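Notes to accompany the following structure.
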Amino acid sequence: MAVPIAILQLGKGTVGTPLIGQIAAQSGVIRERLGIELRYVAIAGRIEVVYRPAGIELSEWPRQLEARKTTSVVDLIDQIARDVAHPKILVDATDAEGMVALHARAMASGFHVVTCNKKPLAGPLADFQRLRAQSRAARRHYLHEVTVGAGLPVIGTLRDLVDSGDQIISIEGCFSGTLNFLCAGLDRERPFSEILTEARDRGYTEPDPREDLSGQDVARKALILAREAGLAVEPQAVALSPFCEVGRDGDVGSFLAAAEEMDGGFARRWREAAGRKARLRYVATVDQGCGAGLREVPADGPMGCLRGAENVFSFSTARYADSPLVVSGPGAGPEVTAAGAFGDILRVARAVACEERGE
Ligand SMILES: NC(=O)c1ccc[n+]([C@@H]2O[C@H](COP(=O)([O-])OP(=O)(O)OC[C@H]3O[C@@H](n4cnc5c(N)ncnc54)[C@H](OP(=O)(O)O)[C@@H]3O)[C@@H](O)[C@H]2O)c1
């Protein structure tokens with residue numbers, strides 16, 4: 001008999017919805033090939049929820065949503081912990097602040113955690129350490145591959161390097177699919193405001209694109225990589241120069257409506273760089289500290305050649321000293337991000353199924 005694994009998913013937006021679709025489409029193969037039954041028991045947004053302890057019929061879930069009776073996700077976690085006996089995974093596909101306590105509570109209540117949400121891992125160092133400690137103490141998996149490089153194997157590669165005793169000298173590259181999409185569009189002399197709108201429509205940007213443009217999203221990724229590499233870095237220590245100045249006044253709509261005012265300035269900067277046979281890219285570095293900013297790079301180098309929403313991560317290490325280990329590919333987008341989270345869910349599910357079967 002297949003090992004049932006219950007899923008509680010928070011977030012049913014740009015990433016959360018395709019994730020449910022991918023799991024629904026593959027569930028028969030996973031049951032057959034891996035002997036695992038991935039069973040969604042709850043899907044929740046900020047206001048609505050569908051909760052079926054015996055399993056949600058996935059072709060029906062949007063129609064089954066109803067107003068959340070309680071505003072507290074903690075109550076939902078406690079209820080599932082009481083109602084569902086088999087192994088459980090909490091998937092955080094939200095962009096919500098303040099999820100550290102919730103992730104820790106979920107692990108204490110027996111849930112493994114897969115998070116797409118970077119914020120719990122990129123706040124104060126003490127929060128990162130608390131989540132690590134809770135994962136060890138509760139013997140629960142805490143996976144977050146998607147938080148850096150979307151579906152690319154970045155965190156897994158770094159963990160393998162560190163755990164196998166390699167020494168990380170630096171990690172450098174373009175960590176933002178959204179910002180690279182903008183840079184590559186500007187290379188082709190498209191107006192900044194037009195490319196930004198397209199990036200948003202394609203689901204590349206953060207829910208608030210000012211998180212991308214301020215460099216904040218890249219800073220979070222750099223912090224997560226630094227911490228995975230064993231550096232004790234606080235957010236305020238990241239030397240960040242924004243992609244462009246963005247105010248925080250007004251809502252996302254009014255910010256996007258005013259973006260045209262920046263078209264001329266971007267076109268001029270890109271023309272000047274092209275005149276020097278260079279390209280501009282938003283480059284992040286993790287070495288003894290972390291930093292990110294817009295930089296001129298050779299047009300024919302690994303960063304200058306990136307297209308669309310691609311990312312590149314170059315790991316220089318004691319073992320990869322002469323030539324860095326490079327991970328590159330699409331670094332944003334709903335389907336690849338959902339696929340990365342699906343991969344984490346499968347990693348947990350395989351390990352749990354082996355334990356359940358006593359293998
Ligand atoms: N897009 C990408 O390429 C990409 C790549 C890597 C990582 N990510 C990360 O993936 C996460 C989701 O991004 P997205 O683009 O899917 O965002 P989104 O479209 O805005 O969806 C966010 C979802 O989270 C829900 N939500 C927010 N706060 C919540 C709370 N406190 N409790 C329960 N649900 C809550 C929202 O509920 P409602 O349905 O009620 O609005 C919505 O369903 C973000 O953390 C983002 O950084 C995205």
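Residues take their numbers from the sequence shown, with the count starting at 1. For ligands, and for the atoms within them, numbers begin at 1 and follow the listed sequence. Please read all numbers here as calculations on a predicted model, not as lab measurements.
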Mind checking what makes side chain to side chain contact (heavy atoms under 4.5 Å, CB included) contact with Ala6, not counting sequence neighbours? Val41, Val84, His86, Lys88
Return the set of residues passing salt bridge (charged side-chain N to carboxylate O under 4.0 Å, His left out) with Glu261 (not counting sequence neighbours), or none when no residue passes. none
Under the 6.0 Å and 45° cation-pi test, does Arg210 pair with Phe255? yes
Is any NZ, NE, NH1 or NH2 atom of the basic residue among Glu211 and Arg220 found under 4.0 Å from an Asp or Glu carboxylate oxygen of the other? yes
Could you tell me whether Asp78 and Arg82 have a side-chain N and a carboxylate O separated by less than 4.0 Å? no
Distances for all N or O pairs of ligand 1 and the protein under 3.5 Å?
residue: ligand 1; atom: 1 (N); partner: Gly203; partner atom: O; Å: 3.1
residue: ligand 1; atom: 3 (O); partner: Gly333; partner atom: N; Å: 2.9
residue: ligand 1; atom: 3 (O); partner: Thr337; partner atom: OG1; Å: 3.3
residue: ligand 1; atom: 16 (O); partner: Thr14; partner atom: N; Å: 3.1
residue: ligand 1; atom: 16 (O); partner: Val15; partner atom: N; Å: 2.8
residue: ligand 1; atom: 19 (O); partner: Thr14; partner atom: N; Å: 2.9
residue: ligand 1; atom: 19 (O); partner: Thr14; partner atom: OG1; Å: 2.8
residue: ligand 1; atom: 37 (O); partner: Arg46; partner atom: N; Å: 3.3
residue: ligand 1; atom: 39 (O); partner: Lys12; partner atom: NZ; Å: 2.7
residue: ligand 1; atom: 40 (O); partner: Arg46; partner atom: N; Å: 2.9
residue: ligand 1; atom: 40 (O); partner: Arg46; partner atom: NE; Å: 3.4
residue: ligand 1; atom: 41 (O); partner: Arg46; partner atom: NE; Å: 3.2
residue: ligand 1; atom: 41 (O); partner: Arg46; partner atom: NH2; Å: 2.5
residue: ligand 1; atom: 43 (O); partner: Lys12; partner atom: N; Å: 2.9
residue: ligand 1; atom: 43 (O); partner: Gly13; partner atom: N; Å: 3.4
residue: ligand 1; atom: 45 (O); partner: Thr94; partner atom: O; Å: 2.7
residue: ligand 1; atom: 47 (O); partner: Lys118; partner atom: NZ; Å: 2.9
residue: ligand 1; atom: 47 (O); partner: Glu206; partner atom: OE1; Å: 2.7
residue: ligand 1; atom: 47 (O); partner: Glu206; partner atom: OE2; Å: 3.1

List the residues meeting salt bridge (charged side-chain N to carboxylate O under 4.0 Å, His left out) with Arg200, not counting sequence neighbours, and say none if there are none. none
